[in-house]
Novice: 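Structure below; questions to follow.
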Amino acid sequence: MASYDVSIACAERLGALPNLSMALLNQSVVLRTMGALPRASEVSHRGLALLGDGADGAQHHLACLMHARNQAETGHLGLAQQALDDLLPHFEAMGAPFWVHAVRGTQVRLWQHLGQHARALKALQLDDTGLPAWMQAGRLWLRLEVEQWLGQPAAVETAQQALALLDADAHRRTANAVRGLRFAVPLVVLEQSPALASSARSLELFGALAALHMHRCTAALALHRHDEAASAARELVGLLHQGYVPDFVYTPEAWLVAGKALLAARDHEAAQDALTAGQRWVRTVALPQVPAAFIDSFLHRNPVNRELLALVPSPP
């Protein structure tokens, strides 16, 4: 981050707009990796706007994909959907399977959040031959996550396969292990959490750390350890307030889980604040931008939205 700040300042002083644009777009990737998605979206928007007409087609398409991925995770669902739909044929025409899969992976999560689960599963129906291990693991997790939202039991072999793919990858092992905790039994989640939390902090993976706290909440609640669940919830809420979003977690789900944990610990004021924040994200941030055709599924077939809105009445 500090290095890109220097690069950005130098490019601004020189008026070197192409360099400024690329420094901003690359910095947005760093922010995304850290879990600072709202800020990543702001930075990628600025970088894309500065790219200008001089960029070649491939460069412009990649910049659009960077920004669309950030939009999809920060509630700009309609804009992200349109951008991804526009980008896919360009990458297919380029014969670029890696980027086709990158678009498809983002589309899967977008369809999932919109409550369009059949479309999400259809977007996963691509051959992953030749893809890097981290992308293969991501596709396995995506399938498990969509199936979980459909109420289907987790396929243990699929989860083990996804974990094994990145076991030797020092750069991705921690985030991958945290993602797998969604499908682990509660005692395993709590046993693995201290070491994973230490690793996530040392690597500055604050999105992974936030996701870890959310999984700790869920596990502790399942074991009726309400004080432990509330402690994890407060850690999670603290990171959310700092602008970090849990990795591969639908943002309102984080608020919902935190609210339920705090409610179980009888911290009613903090619980209400968390649930209200989640409801506000759904109704105020995302809903106005959801395409009309998907409003009903967004509100009623997205299980997180359905539960969250049932717990928090709509404002008059």
Side-chain angles (χ1 to χ4, degrees), residues 1-12 16-51 55 59-77 79-80 83-84 87 99 102-103 105-106 109-110 113 134-135 138 141 166 169-176 178-179 196-197 199-214 235-255 277 281 285-286 289:
M1 285 300 298
S3 296
Y4 277 122
D5 284 341
V6 172
S7 297
I8 289 164
C10 288
E12 286 177 326
L17 295 186
N19 300 73
L20 176 57
S21 172
M22 290 312 300
L24 287 164
L25 289 166
N26 287 329
Q27 188 180 60
S28 80
V29 175
V30 177
L31 286 162
R32 182 180 178 87
T33 304
M34 292 173 67
L37 285 171
R39 190 174 169 201
S41 187
E42 293 172 3
V43 172
S44 61
H45 180 267
R46 186 182 171 204
L48 181 59
L50 288 170
L51 196 57
Q59 185 182 26
H60 186 265
H61 295 148
L62 291 176
C64 288
L65 177 57
M66 285 185 196
H67 186 52
R69 292 175 69 211
N70 293 333
Q71 288 178 311
E73 301 293 345
T74 52
H76 299 84
L77 306 183
L79 292 172
L84 294 167
L87 285 168
W99 295 112
V103 171
T106 306
R109 285 182 55 75
L110 186 62
H113 297 167
W134 63 267
M135 188 172 274
W141 291 134
L166 299 182
D169 188 333
H171 298 290
R172 295 185 172 91
R173 184 191 304 122
T174 296
N176 188 55
V178 169
R179 194 168 183 180
L196 287 172
S199 179
R201 288 190 190 96
S202 68
L203 295 168
E204 299 177 291
L205 298 176
F206 300 114
L209 183 61
L212 175 62
H213 291 319
M214 192 190 85
E235 297 262 22
L236 171 57
V237 168
L239 287 168
L240 286 165
H241 282 310
Q242 291 176 55
Y244 294 109
V245 173
D247 278 359
F248 304 106
V249 168
Y250 178 55
T251 300
E253 182 185 13
W255 288 114
W281 197 100
V285 176
Q289 305 188 59

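Residue numbers start at 1 and run along the sequence shown. Just so you know, these numbers use all the heavy atoms, side chains as well, and skip hydrogens, waters and symmetry mates.
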Novice: Would you say L87 and H61 make side-chain contact, with heavy atoms under 4.5 Å?
Specialist: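 They are in side-chain contact.
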Novice: Kindly indicate whether the side chain of C64, heavy atoms from C-beta on, has any atom under 4.5 Å from the side chain of L48.
Specialist: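 Heavy-atom side-chain distance check passes, below 4.5 Å.
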Novice: Distance alone, cut at 3.5 Å: any donor-acceptor contact between the side chains of W134 and N176?
Specialist: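 No, because no side-chain N or O of W134 sits under 3.5 Å from a partner of the opposite role on N176.
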Novice: Please report the interatomic distance CZ(R109) to CZ(F248), rounded to the nearest 0.5 Å.
Specialist: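 Those atoms lie 7.0 Å apart.
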Novice: Going by side-chain contact (heavy atoms from CB on, under 4.5 Å), name the residues that satisfy it together with L203, two or more places apart in sequence or in a different chain.
Specialist: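 Result, side-chain contact (heavy atoms from CB on, under 4.5 Å) vs L203: T174, S199, L205.
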Novice: Roughly how far, to the nearest 0.5 Å, is CG of N19 from CD of E12?
Specialist: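 Here the interatomic distance stands at 12.0 Å.
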Novice: Name all residues meeting the salt bridge (charged side-chain N to carboxylate O under 4.0 Å, His left out) criterion together with D169; count only those two or more places apart in sequence or in a different chain, and write none if there are none.
Specialist: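 If we apply the salt bridge (charged side-chain N to carboxylate O under 4.0 Å, His left out) test to D169, skipping adjacent residues, the hits are R172.
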Novice: Using the test side-chain hydrogen bond (donor to acceptor under 3.5 Å, both in side chains), find all partners of D5 that sit at least two apart in sequence or belong to another chain.
Specialist: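 Here the qualifying residues are Q27.
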Novice: Report the distance from atom CD of Q59 to atom CG of L51, rounding to the nearest 0.5 Å.
Specialist: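 With rounding to 0.5 Å, CD (Q59) is 5.0 Å from CG (L51).
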Novice: Could you pull out the closest heavy-atom pair between M214 and A254, with the gap in Å?
Specialist: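 M214 and A254 have their closest heavy atoms at SD-CA, 3.7 Å.
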Novice: For side chain to side chain contact (heavy atoms under 4.5 Å, CB included), just list the numbers for D247 and V178, CA-CA rounded to whole Å, side-chain angles, deciding distance to a tenth of an Å, and then say yes or no.
Specialist: CA-CA 9 Å; D247 278 359; V178 169; over 6 Å; no
Novice: Can you confirm whether P246 sits close enough to L239 that some side-chain heavy atom of one is under 4.5 Å from a side-chain heavy atom of the other?
Specialist: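 The answer is no, as the side chains (C-beta and beyond) never meet within the 4.5 Å cut-off.
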Novice: With R179, which residues qualify under salt bridge (charged side-chain N to carboxylate O under 4.0 Å, His left out), at least two apart?
Specialist: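 By the salt bridge (charged side-chain N to carboxylate O under 4.0 Å, His left out) rule, R179 matches E145.
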Novice: Supply the atom-to-atom distance M34 CE to E204 CD, rounded to the nearest 0.5 angstrom.
Specialist: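 One finds 5.5 Å between CE of M34 and CD of E204.
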Novice: Kindly compute the distance separating CG (L24) from CD1 (I8), expressed to the nearest 0.5 Å.
Specialist: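 The CD1 atom of I8 is 4.5 Å from CG of L24, to the nearest 0.5 Å.
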Novice: Is W255 close to T251 at the side-chain level, that is, under 4.5 Å between some pair of heavy atoms?
Specialist: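 Heavy-atom side-chain distance check passes, below 4.5 Å.
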Novice: Work out which heavy atom in G243 is nearest to a heavy atom in P38; give both atom names and the distance.
Specialist: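 Minimum heavy-atom contact is O-CD, 3.4 Å.
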Novice: Would you give the length of the straight line joining atom OG1 of T74 to atom CG of N70, rounded to the nearest 0.5 angstrom?
Specialist: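 Between atom OG1 of T74 and atom CG of N70 there are 6.5 Å.
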Novice: Please examine the side chains of L84 and L65, heavy atoms only from C-beta on, and report whether any two atoms are closer than 4.5 Å.
Specialist: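 Yes, at least one pair of side-chain atoms sits under 4.5 Å.
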Novice: Looking at residues at least two apart in the chain, or sitting in another chain, which of them share a salt bridge (charged side-chain N to carboxylate O under 4.0 Å, His left out) with E235?
Specialist: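 So E235 forms no salt bridge (charged side-chain N to carboxylate O under 4.0 Å, His left out) with any residue.
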Novice: Please work out which of the three classes, parallel, tilted or perpendicular, describes the rings of F206 and Y244, given edges at 30° and 60°.
Specialist: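 Tilted.
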Novice: Sub-3.5 Å donor-acceptor pair from the side chain of E73 to the main-chain atoms of R69, do we have one?
Specialist: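 Between the backbone of R69 and the side chain of E73 there is no qualifying donor-acceptor contact (under 3.5 Å).
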Novice: To check you understand the geometry: which heavy-atom pair defines the closest contact between A68 and A80, and what is its length?
Specialist: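 That closest heavy-atom pairing would be O-CB, 3.7 Å.
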Novice: Are the side chain of T33 and the backbone of V29 linked by a donor-acceptor contact shorter than 3.5 Å?
Specialist: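 Side chain of T33 to backbone of V29: a pair is present.
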Novice: Please check if the side chain of S28 supplies one atom and the backbone of L25 the other of a donor-acceptor pair under 3.5 Å.
Specialist: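 Indeed, once roles are kept as given, a pair shorter than 3.5 Å links the two residues.
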Novice: According to salt bridge (charged side-chain N to carboxylate O under 4.0 Å, His left out), does anything in residues 21-42 pair up with another residue at least two apart or in another chain? List the pairs.
Specialist: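 Those involving residues 21-42 do not exist here.
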